[in-house]
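Everything below concerns the one structure shown next.
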Number of protein chains: 2
Amino acid sequence: MYTIGQVAELFHLPVSTLRYYDKQGLFPGMARTSGIRRFGEGELEALRVIECLKKSGLEIRDIRQFMDWCTEGAATYPQRLELFQRQRANVEEELVRLNKVLDMLKFKCWYYEQAMADGGEERVKSMIPHQLPEEIQASYQNAHGE
Amino acid sequence: MYTIGQVAELFHLPVSTLRYYDKQGLFPGMARTSGIRRFGEGELEALRVIECLKKSGLEIRDIRQFMDWCTEGAATYPQRLELFQRQRANVEEELVRLNKVLDMLKFKCWYYEQAMADGGEERVKSMIPHQLPEEIQASYQNAHGE
DNA sequence: CCTTGACCTGAACTCAGGTTTAGGTGTTAT
DNA sequence: ATAACACCTAAACCTGAGTTCAGGTCAAGG
């Protein structure tokens, strides 16, 4: 069992955030001894799931919903599965989008390297969109077109 | 040249957001005819870069900084390159994190599929962390340990 | 003419996700 | 025993990124 301060350190989170999560109902049924929160294995796994669901784009209120489902038992397996499937699809789409962003950034890095070497953007600008080096062109097209 | 409404449609953004971006200085030197904003190719490319930099984790004020560098000419190539390199590193890290999130979600999907098939979590819980099917174990470990 | 629709502005409002503050409790080192 | 810590609460505050509102301009169509 851990205190809030230990968990804060373990997860590199401010204590205030953990208290905020608790107040939002993200640790239903967490143990306390004379008012002091006691984080067990269940709460640590909850916290891992919270971070996961947050990064997958879920809001706090929907994470609470999930935690409530967990306390309701086996009857809510379908909802929980559906939630994870939805978030999984979300994240897969997000990965595609982020890869486009990365390609744009790669292109811009290349662009400014050229511009710096040339002392101006004229030459590199004139290469867009069809005289680019092969790899850069691939990035450019992934970032721009559909 | 496009009106704000046309650009809103092209980029699937509310008109109010475009005006907000403009007010934040994200389109320095945008043309106007009798008060009405005229978006040209420059502004469209700016908008693409804005979306890219936003998704890479940059705040509006730092995007404005970049736009200002662009109007300052060749002297700011180094800053602009450095910005894109930093954001690129950011996004690469973010992709790693998001892939961990995805692995957690995959694991949880599998977990609840098993739980639903079994009518309970006992069996599947008992398999954690070393009796999991190979692929699931890989996801589990990527999502959990370092 | 006069109404409709697309544009304009500045200022106030919203919302999520925390963070900070003020005031208090309880246990442990000096 | 008293100071220093780590913990507690409720409530106010903050920030970024927009959105909404109130009031106004202007061009085109019936």
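Quick note on labels: first sequence line is chain A, next is B, and so on, each numbered from 1.
Atom CG of Leu26(A) is separated from atom P of dG17(C) by 10 Å (rounded to the nearest Å). Distance Ile36(A) CD1 to dT28(C) P: 11 Å, rounded to the nearest Å. Per the geometry, CZ belonging to Arg19(B) stands 7 Å off P belonging to dT9(C), to the nearest Å. A straight line from CD of Gln24(A) to C1' of dA16(C) spans 10 Å, rounded to a whole angstrom.
Residue Gln85(A) holds its CD atom at 5.0 Å from SG of Cys109(B), rounded to the nearest 0.5 Å. In this structure, CG in Leu81(B) is found 13.0 Å from CH2 in Trp110(A), a value given to the nearest 0.5 Å.
Overall, the helix from dC1(C)-dG30(D) to dT30(C)-dA1(D) carries an axis bend of 10° between its ends, with five pairs at each end and the value rounded to 10°.
Comparing dT9(C), dG17(C), dC7(C) by their closest approach to the side chain of Arg32(B) singles out dT9(C).
DNA chain D is contacted by no residue of residues 38-48 of chain A, taking any non-hydrogen atom closer than 4.0 Å.
Heavy-atom contacts from other residues, nucleotides or ligands closer than 6.0 Å to CD of Gln79(B) number more than 12. Remark: Phe11(A) CZ is packed, more than 12 non-hydrogen atoms of other residues, nucleotides or ligands lying under 6.0 Å away.
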Can you name the atoms? Protein N/O to nucleotides 19-26 of chain C N/O, anything below 3.5 Å, with the distance.
residue, atom, partner, partner atom, Å
dT19(C), OP2, Ser16(A), OG, 3.1
dT19(C), OP2, Thr17(A), OG1, 2.4

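No path of Ile, Leu, Val, Met, Phe, Trp and Tyr side chains, each step under 4.5 Å between heavy atoms, connects Leu18(B) with Met1(B), placing them in separate hydrophobic clusters.
Applying the salt bridge (Lys or Arg N to Asp or Glu O under 4.0 Å) definition to pairs two or more places apart or across chains, those involving residues 20-29 of chain B are Asp22(B)-Arg32(B), Asp22(B)-Arg37(B).
For Cys52(A) against Met104(B), the heavy-atom pair with the smallest separation is SG-CG, 3.3 Å.
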From CA spacing to verdict: salt bridge (charged side-chain N to carboxylate O under 4.0 Å, His left out), Arg88(A), Glu92(A):
CA-CA 6 Å; Arg88(A) 177 181 172 167; Glu92(A) 279 165 354; 3.2 Å; yes

With side chain to side chain donor-acceptor pair (under 3.5 Å) as the test, would you mind laying out the steps for Tyr77(B) and Glu121(A) before giving the verdict?
CA-CA 10 Å; Tyr77(B) 289 160; Glu121(A) 295 163 63; 2.9 Å; yes

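Nearer to the 5' terminus of DNA chain C, by closest-nucleotide assignment, is the contact made by Val15(B) (compared with the other of Val15(B) and Leu58(A)).
In terms of modelled atom types and a separation under 3.5 Å, the side chain of Gln87(A) and the main chain of Ser56(A) share a donor-acceptor contact. Formation of a donor-acceptor pair under 3.5 Å by the Asn99(B) side chain with backbone atoms of Leu95(B) is found in this model.
Partners of Phe39(A) according to the ring pair (Phe, Tyr, Trp, His ring centres under 6.0 Å) rule, which considers only residues two or more places apart in sequence or in another chain, are Phe27(A).
Ring-centre distance between Tyr111(B) and Phe84(A): not below the 6.0 Å cut-off.
In summary, contact between chain B and DNA chain D, defined as any nucleotide atom under 4.0 Å from a heavy atom of the protein, begins and ends at dG16(D) to dT20(D) in the 5' to 3' direction.
Put simply, Lys23(A) has no side-chain N or O that comes within less than 4.0 Å of OP1 or OP2 on dG17(C). Here Arg37(B) does not reach the OP1 or OP2 of dC7(C): none of its side-chain N or O atoms lies under 4.0 Å away.
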